[in-house]
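These notes concern the structure reproduced below.
Keep in mind the model is a prediction, meaning the values are calculated, not measured. Below, chains carry the letters A, B, ... as their sequence lines are ordered, and counting in each starts from 1.
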There are 2 protein chains.
Amino acid sequence: MMQATETQTIARKSLHHELVDRLQMLIINAELAPGTKVPEKLLCDQFGVSRTPLREALKVLASVGLVRLEPNRGAWVTQVTEDEVEEVFPVLGALEALSGELACKRITDAEIEEVRALHEQMMQSYENRDLDAYFSINQKIHRAILMAARNSTLTTSCQALSLRMQRARYLANMTEGRWYDAVQEHEKILKYLVARDGPKLAATLLDHMDAKRISVVRWLQAREATPEVS
Amino acid sequence: MMQATETQTIARKSLHHELVDRLQMLIINAELAPGTKVPEKLLCDQFGVSRTPLREALKVLASVGLVRLEPNRGAWVTQVTEDEVEEVFPVLGALEALSGELACKRITDAEIEEVRALHEQMMQSYENRDLDAYFSINQKIHRAILMAARNSTLTTSCQALSLRMQRARYLANMTEGRWYDAVQEHEKILKYLVARDGPKLAATLLDHMDAKRISVVRWLQAREATPEVS
DNA sequence: TGACTTAATTATGAATTCAAAATTACGTTG
DNA sequence: CAACGTAATTTTGAATTCATAATTAAGTCA
């Protein structure tokens, strides 16, 4: 009746587009380690593609800052630096604040219920001290608010910057105290979303992002002071 | 003593990077018309390059939304739609507001003087009803504020979105009334920058962008109602 | 003539090839 | 044996080639 769906899935996007996604994943999960060279040949073999589409994908990744292209020396996975964090988080904050603002105007009751459900799941993860689950749900909440803003340009911009900050689980570092604070912030986020109070939600998201920035910078600084672990 | 600088300049960036810039220019100046197909072969001939680097450049341009890639049907120059304008301007507004906020914290007295000089030039252009000069200087002012914010991520994000809105001189359409208002807004922008009043500057830039959005949408709507001119 | 097939042509996506640059391996000399 | 210089190897950037999909042109039949 129909071909295997996998064939369709692979055929759906062009090769280079598929590769952009795959490479992004590898970089975010630090399977391609920050600061290392992108092993072009190896990846071609692994994905079973030629260098042409892979290199096309690398150009795209370079344009969003996930890799750096050095003339005649290939592509290198970029590292998250303190300077970069200080730059990206304020921008991300402004964009998330806008998403909150817009979401309050456009979100449906059903969508609010979805966020509430996610929020409760997240709280459960907090109780269980299950950091992986907490982060996964956390991201879903932010994405849900972004979706409710009904602005694909905003979505794209936000996600591009988020990706850069998501690398190597940098965000997964939380002290007990920071985790508690983050949870409190999320209570406010839900409250203002339910109340559809745009300005207050925007302000809270901005604070939330700023607190995250401080936490990440602190961790990077501690990391820097520590001798490199293999 | 040294090679011709042009050789250096050409050698500095890779071919695909150079092509990204060139194609961007062609699209912004509508030499590649919105809605038309990107003439791959012709451009290769004109630039004297093979398809490989040109196609790499097209993938990058697609990722920022200046072209759309249709599977097996090539690259098409995207059109500025009303929906897109309604999406992009709020995001650009949030980013410019942030740039104003940050600029007030970081701008030097010398830089403020530069902006003031640009502002005066722009006013002169307004007196002379020289729209081209006005727009050129206008952009320089916004860029100067952006530079003063000292945030390259913000700069990149802003410029990517600005590019999309700059296409085909859409912004160059102004009624006499809108032009007057824009000039008033710019007086406020300068005033708050000089006073280093971040919040007020941010708010003014936001309003400025919103007014621009309305003006552009109005023009697009009028355009839509008009039978197509060659 | 005008709609529909089918064949020729062209354009696209991706693999391959090739020249030039960078890296590595090796040998030489102080 | 350590530093330098040179040759072999690998990698990179870009041109070329090739299979396939899309478009155009030509031919057929009502």
Side-chain angles (χ1 to χ4, degrees), chain A residues 2-4 6-24 26-27 32-33 35-78, chain B residues 2-4 6-24 26-27 32-33 35-78:
Chain A
M2 207 172 208
Q3 288 286 35
E6 202 194 350
T7 310
Q8 289 198 322
T9 309
I10 287 172
R12 197 182 52 207
K13 344 181 171 186
S14 64
L15 217 32
H16 101 275
H17 197 292
E18 180 74 27
L19 286 171
V20 167
D21 286 351
R22 302 278 204 108
L23 292 176
Q24 259 178 5
L26 290 180
I27 292 173
L32 292 176
T36 64
K37 197 157 109 142
V38 178
E40 209 174 271
K41 197 160 196 180
L42 184 68
L43 291 170
C44 286
D45 291 348
Q46 281 186 350
F47 292 131
V49 300
S50 76
R51 283 173 63 218
T52 307
L54 188 91
R55 293 173 105 274
E56 287 172 349
L58 289 174
K59 309 291 188 236
V60 172
L61 292 178
S63 81
V64 294
L66 285 176
V67 307
R68 193 164 24 81
L69 299 176
E70 292 196 18
N72 294 317
R73 298 199 57 245
W76 298 72
V77 182
T78 53
Chain B
M2 208 172 206
Q3 287 286 37
E6 203 194 349
T7 310
Q8 289 199 324
T9 309
I10 286 172
R12 197 183 53 209
K13 359 181 162 182
S14 62
L15 218 32
H16 101 275
H17 196 290
E18 180 73 27
L19 286 172
V20 167
D21 286 350
R22 301 278 204 108
L23 291 175
Q24 260 178 5
L26 290 180
I27 292 173
L32 292 176
T36 63
K37 195 156 110 145
V38 178
E40 210 175 90
K41 198 161 195 177
L42 183 68
L43 291 169
C44 285
D45 291 348
Q46 282 187 349
F47 292 131
V49 300
S50 75
R51 286 173 60 218
T52 307
L54 189 91
R55 288 166 59 69
E56 287 171 350
L58 289 174
K59 308 293 188 238
V60 173
L61 293 178
S63 81
V64 293
L66 285 176
V67 306
R68 193 164 22 81
L69 300 175
E70 292 197 18
N72 294 317
R73 298 201 55 245
W76 299 72
V77 181
T78 53

Item to complete: Under 4.0 Å between any heavy atoms, over every strand shown, what does A:Lys59 touch: base, sugar-phosphate, or nothing? Just pick one.
Response: nothing
Worksheet entry | For atom CG of A:Asn72 and atom P of C:dT23, their distance in whole Å | 9 Å
Response to the item:
Comparing nearest nucleotides in DNA chain C, the 5'-proximal residue of the pair A:Pro53, B:Arg73 is B:Arg73
Worksheet entry | Close side-chain approach of B:Leu26 to B:Leu43, heavy-atom, < 4.5 Å | yes
Worksheet item: With distance as the sole criterion, do the side chain of B:Arg51 and the base of C:dG13 form a donor-acceptor contact below 3.5 Å?
Response: yes
Item to complete: Write down the distance between CG (B:Leu15) and P (C:dA21), rounded to a whole number of angstrom.
Response: 14 Å
Item to complete: Could you walk me through whether A:Thr52 and B:Arg55 pass the side chain to side chain contact (heavy atoms under 4.5 Å, CB included) test, one step at a time?
Response: CA-CA 10 Å; A:Thr52 307; B:Arg55 288 166 59 69; over 6 Å; no
Discussion item. Run the side chain to side chain contact (heavy atoms under 4.5 Å, CB included) test against A:Asp21 and tell me which residues pass, sequence neighbours left out.
Written reply: A:Lys13, A:His17, A:Gln24
Item to complete: Give the rounded distance in Å between these two atoms: NZ of B:Lys41 and P of C:dT10.
Response: 8 Å
Worksheet entry | Shortest non-hydrogen contact from A:Leu69 toward A:Lys59 | CD1-CD, 3.8 Å
Worksheet item: Excluding sequence neighbours, so at least two apart, what forms side chain to side chain contact (heavy atoms under 4.5 Å, CB included) with B:Glu70?
Response: B:Arg68, B:Arg73, B:Trp76
Item to complete: Kindly determine whether A:Leu54 and A:Arg51 satisfy side chain to side chain contact (heavy atoms under 4.5 Å, CB included), including the steps that lead there.
Response: CA-CA 5 Å; A:Leu54 188 91; A:Arg51 283 173 63 218; 5.5 Å; no
Practice prompt. Quick one: label A:Glu56 by what it contacts on the DNA or RNA (base, sugar-phosphate, nothing), any heavy atom closer than 4.0 Å.
Written response: nothing
Worksheet item: Mapping A:Ser50 and A:Lys37 to their closest nucleotides on DNA chain C, which lands nearer the 5' end?
Response: A:Ser50
Worksheet item: Taking CD from A:Glu70 and C1' from C:dA22, how many angstroms apart are they, rounded to a whole number?
Response: 12 Å
Worksheet item: What is the distance from NE2 of A:His17 to C1' of C:dT12, rounded to the nearest Å?
Response: 18 Å
Discussion item. Name the residue from B:Val64, B:Leu61, B:Leu66, B:Leu58 that meets the side-chain contact (heavy atoms from CB on, under 4.5 Å) definition with B:Val20.
Written reply: B:Leu61
Worksheet entry | Where chain A begins and ends its contact with DNA chain D, read 5' to 3' at 4.0 Å from heavy atoms | D:dT11 to D:dA14
Discussion item. By the 4.0 Å heavy-atom rule, please label B:Arg55 as base, sugar-phosphate, or nothing.
Written reply: base
